[in-house]
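Heads up, the thing below is written out as structure tokens.
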There are 2 protein chains.
Amino acid sequence: MILKNQNEWALHCCVVLAGLPPERYLSTKALAEFHAVPKEYLSKALQSLSQAGIIEGTLGPSGGYRLARKASDITFLDVVEAVEGKSSTFACTEIRKNNPCRPAKYRDPKPCGVARVMWEADEAWRKRLRATKVSDIANALADEVPGDILEKTTAWVTAHT
Amino acid sequence: MILKNQNEWALHCCVVLAGLPPERYLSTKALAEFHAVPKEYLSKALQSLSQAGIIEGTLGPSGGYRLARKASDITFLDVVEAVEGKSSTFACTEIRKNNPCRPAKYRDPKPCGVARVMWEADEAWRKRLRATKVSDIANALADEVPGDILEKTTAWVTAHT
DNA sequence: TTGTTTAAGGACATTAAATATCCTCAAGCA
DNA sequence: TGCTTGAGGATATTTAATGTCCTTAAACAA
């Protein structure tokens, strides 16, 4: 099991969009070029984010995407669930029902014990993703990335805005 | 992202093996029949468990598998990692290196912030899996499954032993 | 000794998902 | 009018998951 690349792309795109001047948009083309990923495919991920209400797009030249709400209101889980879906990483196939000793009519009072644990693990994963916001990463970049690179990057993004 | 079926099968097999009389073995054939899953494919999962030292097999008639150590010493994570692998569910492709404003020579002092969060979420997932043992589920079954079904099941397993 | 059973594991086929590309459409804008 | 944009449908390509088949060597019973 491995998460799709879309997750990484979408998260990085949100961080970039978080650094955008207010009211400005950045196009799929620019985001794809910045991250060196295929534009058409990245577009699918951005469409998912748009549908989830995380980013919003506008048409025409000078169009593109911007965050639909404050970066501090967008968690990693929001982004990952937009791309990856909300359903659990564990799919219980009710394998216990195949026990040849079970009466066909028997109804289980509780979900399968194995599934319960796997679902709790999935929830622990989501809980951690819920705890970090896009703004946290955007802020951390300001500390971790050397000033000159950060400056050039901001200029590049603004120029493509 | 969805975990493989192998995980569910392997976990349930371990629970069944945990209920085995001491020194007895249960064959792949019996485990496959019990869970109604394809024997040849289940065999691959069991081989993974065997290689990981979770179960051990022996040959010949009356051969099969048994737990290689106490069920209370086998965590869900042990089983899932045997089947699914130990590498993180998030693969960082170092997308930040593609930033056109970055000097080619620049060396990052820390791993990518996005990756760090994703890895921590992965670790939170594993931590939860580490917290439950095969014995926990085996014990819970004794409470949750009606006595007669449990009895018949034990008889079935013992008969195939 | 011989035949049957078993796990181990290699080779391969099938199926589903991830990745990627292409095309059309309508909205925005010069 | 013509170029840009995102939205989204259709389809191709690639990779992973699922499933099957076969051979080998060990265990065991007749």
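Keep in mind that this is a model prediction, so the values were computed, not measured.
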> Between atom CD1 in Ile2(B) and atom P in dA16(D), what is the gap in whole Å?
Replying inline: 17 Å
>> Would you say Asn5(A) places a side-chain N or O within less than 4.0 Å of OP1 or OP2 belonging to dA18(C)?
In response: no
>> I need the CE-P distance between Met1(A) and dT18(D), as an integer number of Å.
In response: 12 Å
> Please give, in whole Å, the distance from dA11(C) P to Glu40(B) CD?
Replying inline: 17 Å
> Counting side-chain heavy atoms from CB outward, which of dT4(C), dG28(C), dA18(C) is closest to Glu84(A)?
Replying inline: dA18(C)
> Mapping Pro38(B) and Ser62(B) to their closest nucleotides on DNA chain D, which lands nearer the 5' end?
Replying inline: Pro38(B)
>> If I take atom CD in residue Gln6(A) and atom C1' in nucleotide dA17(C), what distance separates them, rounded to the nearest angstrom?
In response: 12 Å
> Out of Arg130(A), Arg126(A), Lys133(A), Arg69(A), which one pairs with Asp78(A) under the salt bridge (Lys or Arg N to Asp or Glu O under 4.0 Å) rule?
Replying inline: Arg69(A)
>> Just the rounded figure in Å: distance from C1' of dA20(C) to CG of Leu42(A).
In response: 12 Å
> Within the structure shown, what part of the strands sits under 4.0 Å from Ser43(B) by heavy-atom distance: base, sugar-phosphate, or nothing?
Replying inline: nothing
> Are Asp143(A) and Lys110(B) ion-paired here, with the side-chain N under 4.0 Å from a carboxylate O?
Replying inline: no
> Ignoring hydrogens and angles, are the base of dG10(C) and the side chain of Lys44(B) linked by a donor-acceptor pair under 3.5 Å?
Replying inline: yes
>> Whole angstroms only, please: what is the OH-P distance between Tyr25(A) and dC29(C)?
In response: 9 Å
>> From CD of Gln51(B) over to C1' of dG10(C), roughly how many Å is that when rounded to an integer?
In response: 13 Å
> Do Gln47(A) and dG6(D) have a side chain to base donor-acceptor pair shorter than 3.5 Å?
Replying inline: no
> Taking the side chain from Asn7(A) and the backbone from Lys4(A), do they hold a donor-acceptor pair closer than 3.5 Å?
Replying inline: yes
> Is any side-chain N or O of Thr28(B) closer than 4.0 Å to OP1 or OP2 of dA7(C)?
Replying inline: yes
> Choosing from dA27(D), dG19(D), dA17(D), which nucleotide comes nearest the side chain of Lys4(B)?
Replying inline: dA17(D)
> Just how far, in rounded Å, is P of dA27(C) from CD of Glu56(A)?
Replying inline: 18 Å
> Of all the choices, dA20(C), dT5(D), dT4(C), which nucleotide is nearest to the side chain of Tyr41(A) once you look at every atom?
Replying inline: dA20(C)
> Choosing from dT5(D), dT19(C), dT6(C), which nucleotide comes nearest the side chain of Lys29(A)?
Replying inline: dT5(D)
>> salt bridge (Lys or Arg N to Asp or Glu O under 4.0 Å), that's the test. Do Arg102(B) and Glu94(B) meet it? Break it down for me.
In response: CA-CA 13 Å; Arg102(B) 262 174 70 117; Glu94(B) 283 293 344; 5.9 Å; no
> Looking only at side chains, do Thr153(A) and Asn99(B) share a donor and an acceptor under 3.5 Å apart?
Replying inline: yes
